[in-house]
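Values in this document were obtained by computation on a predicted structure and should not be read as measured data. Computed from heavy atoms alone, side chains included, the values below leave out hydrogens, waters and symmetry copies.
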Amino acid sequence: MGTVSTVVGGISFWYAQEGTPAPREPLPGDTNVDVCIVGGGYTGLWTAYYLKQAAPFLNITVLEAKFCGYGASGRNGGWLYNGIAGRDRYARLHGHEAAVRLQKAMNETVGEVVRAAAEEGIDADVHQGGVLEVAHTPAQLARLKEFHSAEIAFGETDRVLRGARETAERVHVTGAVGSTWTPHGARLHPVKLVKGLADAVEALGVTIHEATPVTEIKPKHAVTPYGTVRAPYVLRCTEGFTASLKGQKRTWLPMNSSMIVTEPLPARIWDAIGWEGRETLGDMAHAYFYAQRTADDRIALGGRGHPYRFGSATDNDGRTRPATVAALRDLMVRLFPVTAGAHVDHAWSGVLGVPRDWCATVTLDRSTGLGWAGGYVGSGVATANLAARTLRDLIQQDSGQAGPTDLTALPWVNHKVRRWEPEPLRWLGVHGMYAAYRAADRRETTSPRPGTDPLAKAADRIAGRH
């Protein structure tokens, strides 16, 4: 079947299910607060949540250009998992044990999000089935085994390696020759989480102004068309939309990722696929996919699609090219042939923030009061929570309310990254990189050799990923 009646855009399927929220009032004019947070996604809202809990006397304002969760927080694949961008680089820069501490903090973060959501009464369709990543080719299987060994070396002793038969008993992915599974992961409904979190933040006494785009951030100032918010601390929590701010065009690259979701699938299809554990599902391809079995028994599946828009442009409503929708649908049917007759109900896209060295960071500049967190490279559902708690600790330390903590000593704190190249080098580089990854995946599919294709290795070096 085609995608004739597939809804394309409209922000995301998650909002089609939940409905867009009633708008909060925009900023009424100039104001002074203790902490100004720019961005109403997971990073900004979790930061407000933990900071207000720790210091209820603080006057905190969140400024959001559209509405809370409009960006990646309302469009992602619902993977709450323990991956963090840049861990290997941090191990090289700061030593193995520092990276182990970072990984341990990420493992614990999965449980922290589940705990906090439950404490606030947020029903976000959370199911802790862990993360299953499969291999389809000899080269992918070799990478999977290396990845599995590396995760164990970073302290994940509860990770499990499975062969083809054991993998099929969990999820019947056509052609899977092996898998690795970690318990540190959960499936969730992204919009239910972000809506509930925004409500919880307001209930604590934090002010949220929506429809208030910030055009410039400078020390102690967040400038908007409606007025300027002045604060000793101004925190940039804009992730994939950072390039829209004055002077930030080349800070983080807005990488595009696209998703599709099927109609609810009948029992006969699930009998064939399995997936009773509702693990989040991915693979070891260079142009990898990510998927979940939703609470109402759909398959939601995503991948890179059209990876980057010239000039670091971002879309407005999640519209997705027909070729991307078709490619994602074809991928789903290759993975699960039994879904060949299933209808794709919705397709959408969003952007995620990519630093030049592919390392997530959290920073507070004590000389200016400017802070930021992001560059999660697609792992933001959990990483945003760890970043938020770290920003809380950094602000409390800087203001004299507390001393250093385990979080402020993690190696990603105050990490400095160089800027991306100017156009057209940026566009050429990103599109060339993903063309190379896709070509490498195709070549590995027909190769009996277990080694990673040289094209992918070259793309990694050019991208700065290794």
Side-chain angles (χ1 to χ4, degrees), residues 33-63 84-87 89-90 93-94 98-109 112-113 116 197 201 204 206 214 217-222 229-239 242 245 248 251-252 353 355 357 359-376 379-380 382-417:
V33 299
D34 297 315
V35 180
C36 177
I37 296 171
V38 181
Y42 291 146
T43 304
L45 293 174
W46 279 124
T47 301
Y49 177 79
Y50 289 112
L51 198 51
K52 189 68 172 176
Q53 281 189 328
F57 55 86
L58 288 177
N59 185 357
I60 303 171
T61 288
V62 176
L63 303 177
I84 184 166
R87 184 193 63 191
R89 185 179 293 270
Y90 287 128
L93 292 173
H94 300 277
V100 169
R101 288 190 286 107
L102 181 60
Q103 185 60 65
K104 182 174 184 289
M106 281 302 307
N107 296 348
E108 294 168 350
T109 294
E112 170 60 18
V113 173
L197 184 55
V201 164
L204 287 171
V206 173
V214 172
I217 295 174
K218 50 189 179 180
K220 299 181 172 49
H221 294 76
V229 178
R230 293 174 176 81
Y233 299 102
V234 180
L235 308 180
R236 190 186 79 223
C237 301
T238 48
E239 237 277 315
T242 298
L245 293 165
Q248 303 294 335
T251 299
W252 290 331
D357 65 355
C359 291
T361 56
V362 57
T363 296
L364 181 67
D365 185 337
R366 303 183 72 171
S367 66
T368 62
L370 295 177
W372 57 88
Y376 305 136
S379 301
T383 314
N385 178 278
L386 178 60
R389 288 181 284 126
T390 306
L391 280 172
R392 171 202 62 194
D393 289 2
L394 288 169
I395 287 175
Q396 289 207 285
Q397 179 184 352
D398 183 70
S399 60
Q401 298 170 41
T405 68
D406 290 344
L407 298 187
T408 62
L410 291 175
W412 71 327
V413 173
N414 296 330
H415 175 71
K416 291 180 173 57
V417 186

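- If you take OG1 on Thr405 and CG on Leu394, they are separated by 7.5 Å, rounding to the nearest 0.5 Å.
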Please assess Lys104 against Asp406 for the test side-chain contact (heavy atoms from CB on, under 4.5 Å), listing each intermediate value before the final yes or no. CA-CA 11 Å; Lys104 182 174 184 289; Asp406 290 344; over 6 Å; no
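- In terms of heavy-atom proximity, Pro355 sits nearest to Cys359 at CG-O, 3.1 Å.
- Looking only at side-chain heavy atoms (C-beta outward), Leu391 and Leu51 stay at 4.5 Å or farther from each other.
- In this structure, Tyr50 and Ala116 approach most closely via the heavy-atom pair OH-CB, 4.1 Å.
- The nearest pair of heavy atoms linking Ala373 to Ala387 is CB-CB, 3.7 Å.
- Residues that satisfy the salt bridge (Lys or Arg N to Asp or Glu O under 4.0 Å) test with Arg230, not counting sequence neighbours, are absent from this structure.
- Applying the side chain to side chain donor-acceptor pair (under 3.5 Å) test to pairs two or more places apart or on separate chains, those with a residue in residues 36-46 are Thr43-Tyr376.
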Checking Tyr90 against Ile84 for the side-chain contact (heavy atoms from CB on, under 4.5 Å) test, could you report, in this order, the C-alpha distance in whole Å, the side-chain angles of both residues, the deciding distance, and whether it holds? CA-CA 11 Å; Tyr90 287 128; Ile84 184 166; 5.9 Å; no
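- Scanning all heavy atoms of the two residues, the minimum distance from Glu239 to Gly353 falls at OE1-N, 2.8 Å.
- Atom CG of Asp398 and atom CG of Leu364 lie 5.5 Å apart (nearest 0.5 Å).
- How far OG1 of Thr47 is from CD1 of Ile60: 9.5 Å, rounded to the nearest 0.5 Å.
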Could you walk me through whether His94 and Leu102 pass the side-chain contact (heavy atoms from CB on, under 4.5 Å) test, one step at a time? CA-CA 11 Å; His94 300 277; Leu102 181 60; over 6 Å; no
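- A heavy-atom distance below 4.5 Å is found between the side chains of Leu63 and Cys36.
- A pairwise comparison of heavy atoms in Val214 and Ala222 identifies CG1-CB, 4.4 Å as the closest pair.
- The minimum heavy-atom distance between Val234 and His221, with the atom names listed, is CG2-N, 3.7 Å.
- Within the 3.5 Å criterion, the main-chain N or O of Pro232 finds no donor-acceptor partner in the side chain of Asp34.
- Two residues are said to be in side-chain contact when any heavy atoms from C-beta on lie closer than 4.5 Å; Glu112 and Leu386 fail this criterion.
- Under a 3.5 Å cut-off, the side chain of Gln396 and the backbone N or O of Gly403 do not form any donor-acceptor pair.
- Asp357 is listed as a side-chain neighbour of His415, based on a closest heavy-atom distance under 4.5 Å.
- In this structure, CD on Gln401 lies 9.0 Å from CD1 on Ile395, to the nearest 0.5 angstrom.
- Partners of Lys218 according to the salt bridge (Lys or Arg N to Asp or Glu O under 4.0 Å) rule, which considers only residues two or more places apart in sequence or in another chain, do not exist here.
- Counting heavy atoms from C-beta outward, Thr251 and Trp372 have side chains that stay 4.5 Å or more apart.
- Between Arg236 and Thr242 the shortest side-chain heavy-atom distance falls below 4.5 Å.
- Using modelled atom types, one finds no donor on one side chain facing an acceptor on the other under 3.5 Å when comparing Asp393 with Gln397.
- Of the inter-residue distances, the one linking Leu58 atom CG with Gln53 atom CD reads 12.5 Å to the nearest 0.5 angstrom.
- Looking at heavy atoms from C-beta onward, Leu410 lies out of side-chain contact with Val362 at the 4.5 angstrom threshold.
- Interatomic distance, CG of Asp365 versus OH of Tyr233, reported as 11.5 Å (0.5 Å rounding).
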